[in-house]
Amino acid sequence: MASTTPRYWLMKSEPEECSIDDALAAPKATVPWVGVRNYQARNFMRDGMRVGDGVLFYHSSCAEPGIVGIARVASGVRADPTQFDAKSPYYDAASKLDAPRWLLVDVQALRKTRVLGLPELRGVPALADMMVLRKGNRLSITPVDAAHWRLIADGLLA
DNA sequence: GCCAACGTTGGC
DNA sequence: GCCAACGTTGGC
């Protein structure tokens with residue numbers, strides 16, 4: 001059945017590419033989530049995301065990796081234009097205009113938070129089974145349990 | 001810079 | 001379809 005139950009996600013961004021500050025400074029605090037080049041992450045956007053879903057904005061590959069803000073899914077999926085841009089690091093020569101391989105959604109930043117870093121996240125027993133904390137996890141988009149969302153967005157980062 | 005984990009590619 | 005080689009992610 002169709003559900004209006006909010007869903008929640010964690011989305012990684014390298015702050016040198018797009019930080020929470022960059023997102024908040026963008027028009028309508030909204031940025032196109034370019035560069036996803038992993039099928040599992042793409043499928044989460046395509047099959048799982050709805051406009052309005054909650055997003056934990058995460059900084060990766062940086063000095064202090066962790067959750068740095070609260071955002072929301074602000075659009076449905078569409079083709080990621082960078083896959084067709086030969087000058088882009090995200091260019092994919094094998095992707096066809098009439099059959100785009102890579103998709104994106106718009107993400108609207110709602111507020112910046114303190115940095116909720118990996119060591120602190122790992123120290124909360126109730127969060128132990130978060131996907132992002134699993135050893136070797138590389139997925140840039142992961143679903144977040146409602147209980148985990150509440151504990152983080154309404155608790156640790158309230 | 002190192003390296004563990006994991007995804008993709010391509011020979012067979 | 002198997003699987004070794006290779007590339008990428010991302011924490012440390």
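For A/Lys12 and B/dA5, the NZ to C1' distance is 11 Å, given to the nearest whole Å. Rounded to whole Å, atom P of B/dT8 lies 12 Å from atom CG of A/Asp92. If you measure from atom NE2 of A/His59 to atom C1' of C/dG11, you get 16 Å, rounded to the nearest angstrom. Here the C1' atom of nucleotide B/dC6 and the CE atom of A/Met131 are 12 Å apart, to the nearest Å. Nucleotide C/dG10 holds its C1' atom 15 Å from the CG atom of A/Leu121, rounded to whole Å. Separating the CZ atom of A/Arg138 from the C1' atom of B/dT8 is a distance of 10 Å, rounded to the nearest angstrom. Separating the CG atom of A/Leu139 from the P atom of B/dA4 is a distance of 21 Å, rounded to the nearest angstrom. In this structure, A/Glu14 atom CD and C/dT9 atom P are separated by 7 Å, rounded to whole Å.
DNA chain C is contacted by no residue of residues 32-42 of chain A, taking any non-hydrogen atom closer than 4.0 Å.
Salt bridge status for A/Arg134 with A/Asp129: absent, with no side-chain N to carboxylate O gap under 4.0 Å. Salt-bridge check for A/Lys112 with A/Asp21: passed, with a basic side-chain N closer than 4.0 Å to an acidic carboxylate O. Between A/Glu17 and A/Lys12 no salt bridge is recorded (no basic side-chain N to carboxylate O distance below 4.0 Å).
Taking the side chain as every heavy atom from C-beta outward, A/His148 and A/Tyr8 never approach each other to under 4.5 Å.
Residues that satisfy the side chain to side chain contact (heavy atoms under 4.5 Å, CB included) test with A/Pro32, not counting sequence neighbours, are A/Val34, A/Arg78, A/Leu104, A/Asp106.
In this structure, A/Lys135 does not reach the B/dA4 phosphate: none of its side-chain N or O atoms is under 4.0 Å from OP1 or OP2. Close to C/dG11, at under 4.0 Å from its OP1 or OP2, lies a side-chain N or O of A/Tyr58.
Taking both residues in full, the closest heavy atoms of A/Arg111 and A/Leu157 are given as NH1-O, 2.8 Å, listed atom of the first, atom of the second, then distance.
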